[in-house]
Amino acid sequence: MPPPVRSKKRDDFYRDRRRRKVCAFCADKTVQIDYKEVNRLRRYLSERAKIEPRRKTGTCAGHQRELAVALKRARHVALLPYAPQHLRP
């Protein structure tokens, strides 16, 4: 008896599914995200100095909002750049 034929559509669906990333702040049980932790915040900026989206970093919704506020504060106090190094005059 031949093995059952699986539909290609089903295989493609499961091939594209990836494991959900775990929020680094929830894993560390971080109470508040500090804007002065520049090295930690830098991980959440792209090479163009933009804030990375949740789907890429894996942060939860609450921490992503807190992270955005912390990044903006760090930029305002000149701890982080608004623009990438190569675009500045």
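Nothing here was measured: the structure is a model prediction, and the numbers come from that model.
Applying the ring pair (Phe, Tyr, Trp, His ring centres under 6.0 Å) test to pairs two or more places apart or on separate chains, those with a residue in residues 55-81 are Phe25-His63. Residue pairs satisfying the salt bridge (Lys or Arg N to Asp or Glu O under 4.0 Å) criterion with at least one member in residues 67-77, sequence neighbours excluded, are absent. Screening residues 23-34 for salt bridge (Lys or Arg N to Asp or Glu O under 4.0 Å), with sequence neighbours left out, gives Asp28-Arg40.
Across all their heavy atoms, Glu66 and Gln32 have their closest contact at OE2-CA, 3.2 Å. For the residue pair Ala83 and Ala49, the shortest heavy atom distance occurs at C-CB, 3.9 Å. Closest approach of Lys21 and Arg55 over heavy atoms only: NZ-O, 4.1 Å. Closest heavy-atom contact between Cys60 and Cys26: SG-SG, 3.7 Å.
The shortest side-chain heavy-atom distance between Arg42 and Leu80 falls under the 4.5 Å cut-off.
A search for side chain to side chain contact (heavy atoms under 4.5 Å, CB included) contacts involving Ala78 returns nothing, not counting sequence neighbours. By the salt bridge (charged side-chain N to carboxylate O under 4.0 Å, His left out) test, Glu52 is found to be paired with Lys56, residues two or more places apart in sequence or in another chain being considered. In this structure, the side chain to side chain donor-acceptor pair (under 3.5 Å) partners of Thr57, at least two apart in sequence or on a different chain, are Thr59. When the side chain to side chain contact (heavy atoms under 4.5 Å, CB included) test is applied to Ala70, the partners found at least two apart in sequence or on another chain are Ile33, Tyr35, Leu41.
A single hydrophobic cluster is seen to contain both Val38 and Leu45, as judged by linkage of ILVMFWY side chains at heavy-atom distances under 4.5 Å, directly or through other members.
Val31 belongs to no multi-residue hydrophobic cluster, having no ILVMFWY side-chain contact under 4.5 Å with any other such residue.
Atom CG of residue Leu67 and atom CZ of residue Arg43 lie 10.5 Å apart, to the nearest 0.5 angstrom. Summarising the geometry, atom CZ belonging to Arg65 is positioned 8.0 Å from atom CZ belonging to Arg54; distances are rounded to the nearest 0.5 Å.
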